[in-house]
Amino acid sequence: MLTRAPWPAYAVRLKLLHPEDARRPWLFLLSLLFVTPPQGWLNWGQGARRYFPHIDFERFGWADPLRILLQLLWLALIAQPRRNDGGGALDSWRAAWRRLRGGLAWLLAALRRGLAWFAQRYPALFDYERLRRWEESLAANPWWESAAMRSLVYLSALALVAICVTTPFDEGSQAAFSGVLLLIALWVRRVPGQVTTLILMVFSAVVSTRYVWWRVTSTLNDDTWMNLTFGLLLLSAELFAWIVLLLGFFQSSWVLQRPIEPLPEDESKLPTVDVLIPIYNEPLRVLRPTVMAALRMDWPFDKLRVHVLDDGRREEVREFASRIGANYITREEHKHAKAGNINHALGVTDGEFVAIFDCDHIPTHSFLRSTMGGFLKDDQLSLVQTPHHFFSADPFERNLDTQGKVPNEGELFYGRVQDGNDLWNATFFCGSCAVLRRTHLMSVGGIATDTVTEDAHTSLKLHRSGYRSAYINRVQAAGLATESLSAHIGQRIRWARGMAQIFRCDNPLFGKGLTWAQRLCYLNAMLHFLNGMPRLIFLLSPLAFLFFHAYTIYAPALGIVLYVLPHMVFSVLCNSRMHSQFRRSFWGEVYETVLACYIIPPTTVALLFPGLGRFNVTAKGGVMEEDYVDWSISWPYLGLLAVILAGMGFGAYRLWNGLASEVGTVIVNLIWAGYNAMLLGVALAVARELRQVRVTHRVRAKLPVTLHLPDGRACRCHTLDYSEGGMALQLTSQSRLKLPRDTELDLSLRVEGRSYAFPCRLVFSKGDRLSVRFVDLTLPQQSDLVQCTFGRSDAWEEREERQEEESPMRSAVDIMRFGWHSLRGLLLLVLPLSLRARWSGLQWLASLLPRPPQPVRE
């Protein structure tokens, strides 16, 4: 029976629905508020175990946490009025809002008492069967699915968000509000499913927007030009980050996870495909496996044409293409770099579809079978993009030794963002590992040549023309990552310049042809490359107070903690939930710190003078003979680090001799500066290039292998890793091989129902492990080897099984560990030099002093 107890108390005492009606969740909510259920129905504890079996409710009581959360929420939103002793229009608005809030609270209390009275006096009005019949009648006439109802719901949600964001709180109310949302978020976070992610997005968006509202309305100090200038700079960076956060939530709110469309069984209905592989000055050994794998793709032989587009016009490339059976295309004028090279090839080929691969991206056997089905089903589909996967370590993975432990920089884009773009028909063309419909591509003028990011600009033109795109989130090709930090930064500079050029010349927010969702997806991609200046402001902002005593956030230290900390915690929790398989917490700030100083000049120039800039080819396939520190690329990090450490020294001095009232503010800025120093320490660790002498990169994989010995025996093995030059093997049995070095062997691999044999030579043998090197492989055997390793249909399936993040705290500890290790090494390097310089300086000063007269010997 319902009672007159306060709403949070009696709501806990209510019963759940009958188990037969668990399929009606909205009816559960009605019964929770109005229904007095019959005897024997589920109570709270039993219902919780039924509906949430994955949560161990034995560890804590069910009713008490819910009652506490509801009462705290009531305390924060309604029961605690805002105290304000000031005057003016704003205070009048606050007073009016308090009166309105008090009236709403009175109406809610009256409604509670009325419902309780009616439920006790007229139980038939709240009969469960009557509610069931009502629900069936509503299901027959779904008025709630109308556009007017959806608009009303959206407007109501926006009004509630506006109230949550703009309602001023004192410190206690703000702490209660943030604490309640955090407890709910931590509880909801355990529930699997996409809906839980959406709930965390809403919480994070509300808390972050509330923080921005507080910053704009309550924390700017204009008493001096210095306070105002530094405050506005930090606020502008925070507004930029807030916009990017909300756009990221929208872009990745729901991933489509498009399935592979089947192809018709009749191969005569399959279209012709031209495979274009552009190359400029990359080594032939990088191109060779790509062409071999492309020629062996699963597609009718007479409908597959592979073309090598050589802008370097090298004779060795022409000879290789002739021997392997690929067409060789070159041109007289080398305009517009890669885009011009592809456009020239489009003019001399005639396939219905065009597949494009960078010269280092090796396609799998099933690439066309995975991507072409959608084109045959949808005539308006112009682009199918697949992920860019790299089997070699990028500079972060190699120099920090995180390959296989921490997702690389690109996995977030290809693992989550592109899948989110696909929901809004906004998949980006990425220049490689993609198929395009020739007629649609030619209707927009071919590959775009107006900017240096020809790929993204081409997809923008296709979307403006009303064509559709698709993203197949399954790795169907793999290539080489950038070989050094300088090459990595050079590649990102080109991307940043190109995105700024598109933003300036063909802004997706304006013009015709795009939906509002597509505009937002493109806008977020372009803003991502304009984050250099905001990141630099975040790195230097604590120094405004430590050096100049300027208040960038004019608020007490406790207020800063109560607003900044929830904003950061909810952002980390939500992003960890969304991206934990593809981006570890706090690593995005590491990547931004590494690039910040280098992308500011090109993006600024591109925004002012979009016609400047040229295409640069990213170096691939190089080697490094020895370890070295790239000081030429590290000088911005060293300069920023020196300034931050000096600021921390000033902060320590303020703690010792400063005002007692400013101790909290000094500590907050010191913690902020210390975190920035750790980020720069990680950047310096990445700039320490480790030795890389392998010409062919090893891929860790477990493939079944049969090893044929000189005496005729056969041993079953599996690979530990492989490359184009050799393999590391482990025997599957407990036997041991005792063979001399350079013993000639034969190795067989089986793929697609066929076995291939390769001659090899023993390089190393110890226990059940051995290494072999392939020798004297003919060109057909090299092609077979690529087909058995890099070109397998299942070659990269294990790489797609990514592990989720253990916890955001673990990622923070890892970054601190990398940063401290780097800073300690830098200190050990600089300290002896400084001591030696100090001793030399003392000796020089001593030589300038007058010497005492020496006694004269007779």
Side-chain angles (χ1 to χ4, degrees), residues 273-279 282-310 312 314-329 345 355-371 386 388-392 432-433 435 475-480 620-621 695-699 701 703 719 722-727 747-760 773-796:
V273 179
D274 284 320
V275 180
L276 307 182
I277 306 175
I279 184 173
E282 294 86 350
L284 178 60
R285 55 182 168 79
V286 173
L287 173 71
R288 186 183 293 113
T290 302
V291 177
M292 291 177 175
L295 288 167
R296 302 287 291 272
M297 285 192 293
D298 186 9
W299 203 251
F301 179 78
D302 59 333
K303 296 185 177 183
L304 178 65
R305 309 159 185 171
V306 178
H307 310 275
V308 178
L309 318 181
D310 184 18
R314 289 175 292 174
E315 183 63 24
E316 59 176 353
V317 176
R318 187 194 64 78
E319 291 180 359
F320 167 73
S322 177
R323 290 175 57 199
I324 201 67
N327 188 26
Y328 179 78
I329 299 177
I356 300 177
F357 296 96
D358 286 343
C359 66
D360 62 298
H361 280 150
I362 307 172
T364 63
H365 184 66
S366 58
F367 179 86
L368 292 178
R369 292 282 176 180
S370 301
T371 55
T386 65
H388 286 192
H389 177 74
F390 303 102
F391 56 81
S392 66
S432 180
C433 310
V435 183
V475 177
Q476 291 295 305
L480 297 174
K620 299 286 185 69
V695 175
T696 57
H697 293 270
R698 295 270 179 171
V699 178
L703 305 177
T719 62
Y722 63 81
S723 70
E724 300 170 57
M727 287 183 173
L747 183 150
S748 63
L749 291 165
R750 188 173 183 83
V751 63
E752 307 293 341
R754 183 178 175 183
S755 183
Y756 300 88
F758 308 96
C760 58
R773 182 178 66 251
F774 298 114
V775 292
D776 300 329
L777 295 183
T778 64
L779 195 61
Q781 286 178 325
Q782 294 177 27
S783 179
D784 292 340
L785 180 61
V786 171
Q787 180 69 15
C788 293
T789 52
F790 298 95
R792 299 170 61 101
S793 299
D794 59 347
W796 314 112

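Values in this document were obtained by computation on a predicted structure and should not be read as measured data.
Listed by chain and residue number, nothing satisfies the side-chain hydrogen bond (donor to acceptor under 3.5 Å, both in side chains) test with Arg314 (two or more places apart in sequence, or in another chain). In this view, Ile324 and Val291, Met292, Leu295, Phe320, Ala326, Leu779 satisfy the side-chain contact (heavy atoms from CB on, under 4.5 Å) rule, not counting sequence neighbours. In this view, His365 satisfies the ring-ring contact (aromatic ring centres under 6.0 Å, His included) rule with no residue, not counting sequence neighbours.
Here CD1 of Ile277 is found 11.0 Å from CD1 of Ile356. Values are rounded to the nearest 0.5 Å. In this structure, the separation between CZ on Arg296 and SG on Cys788 is 8.0 Å, given to the nearest 0.5 Å. Note: Phe391 CZ to Asp360 CG = 7.5 Å, rounded to the nearest 0.5 Å. Here the CG atom belonging to Leu777 is positioned 11.5 Å from the OG atom belonging to Ser783, to the nearest 0.5 angstrom. The distance from the SG atom of Cys359 to the CZ atom of Arg288 is 12.5 Å, given to the nearest 0.5 Å. Here CG of Asp310 is found 10.5 Å from CZ of Arg318. Values are rounded to the nearest 0.5 Å.
Counting heavy atoms from C-beta on, the side chains of Val306 and Phe357 never come closer than 4.5 Å. Contact check for Glu724 versus Phe790: side-chain heavy atoms found under the 4.5 Å cut-off. For the pair Leu785 and Tyr756, the minimum side-chain heavy-atom distance is 4.5 Å or more. Here the side chains of Leu287 and Glu282 are not in contact, with every heavy-atom distance at 4.5 Å or above. Proximity of Asp298 to Ser366: side-chain heavy atoms (C-beta onward) are nowhere separated by under 4.5 Å. Using a 4.5 Å cut-off on side-chain heavy atoms (C-beta onward), Pro759 and Gln781 make contact.
Considering every non-hydrogen atom in both Pro289 and Val786, the closest pair reads O-CG1, 3.7 Å. Taking each heavy atom of His361 and Gly479 in turn, the nearest pair found is CD2-CA, 3.3 Å. Closest approach of Ala293 and Ile362 over heavy atoms only: CB-CG2, 3.5 Å. The minimum heavy-atom distance between Thr386 and Cys433, with the atom names listed, is OG1-O, 2.7 Å. Considering all non-hydrogen atoms of both residues, Ser723 and Phe774 come closest at O-CE1, 4.1 Å. Closest heavy-atom contact between Pro278 and Leu276: CD-O, 3.6 Å.
Between the side chain of Ser392 and the main chain of Leu480, no donor-acceptor pair closer than 3.5 Å is present. Checking side-chain atoms of Thr364 against main-chain N and O of Gln476 turns up a donor-acceptor pair under 3.5 Å.
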Subject >> Derivation of the side-chain contact (heavy atoms from CB on, under 4.5 Å) call for Asn327 and Arg305 >> reply: CA-CA 8 Å; Asn327 188 26; Arg305 309 159 185 171; over 6 Å; no

**OP:** For Met297 and Val273, run side-chain contact (heavy atoms from CB on, under 4.5 Å): C-alpha distance rounded to whole Å, both residues' side-chain angles, the deciding distance at 0.1 Å, then the answer.
**Re:** CA-CA 11 Å; Met297 285 192 293; Val273 179; over 6 Å; no

Original post:
side-chain contact (heavy atoms from CB on, under 4.5 Å) between Arg792 and Leu749: does it pass, once the steps are laid out?
Top reply: CA-CA 11 Å; Arg792 299 170 61 101; Leu749 291 165; 5.6 Å; no

Subject >> Full working for side-chain contact (heavy atoms from CB on, under 4.5 Å) between Thr789 and Met727 >> reply: CA-CA 11 Å; Thr789 52; Met727 287 183 173; 3.9 Å; yes

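Note on ring orientation: taking the six-membered ring where Trp is involved, the planes of Phe390 and His388 are perpendicular (angle over 60°, cut-offs 30° and 60°).
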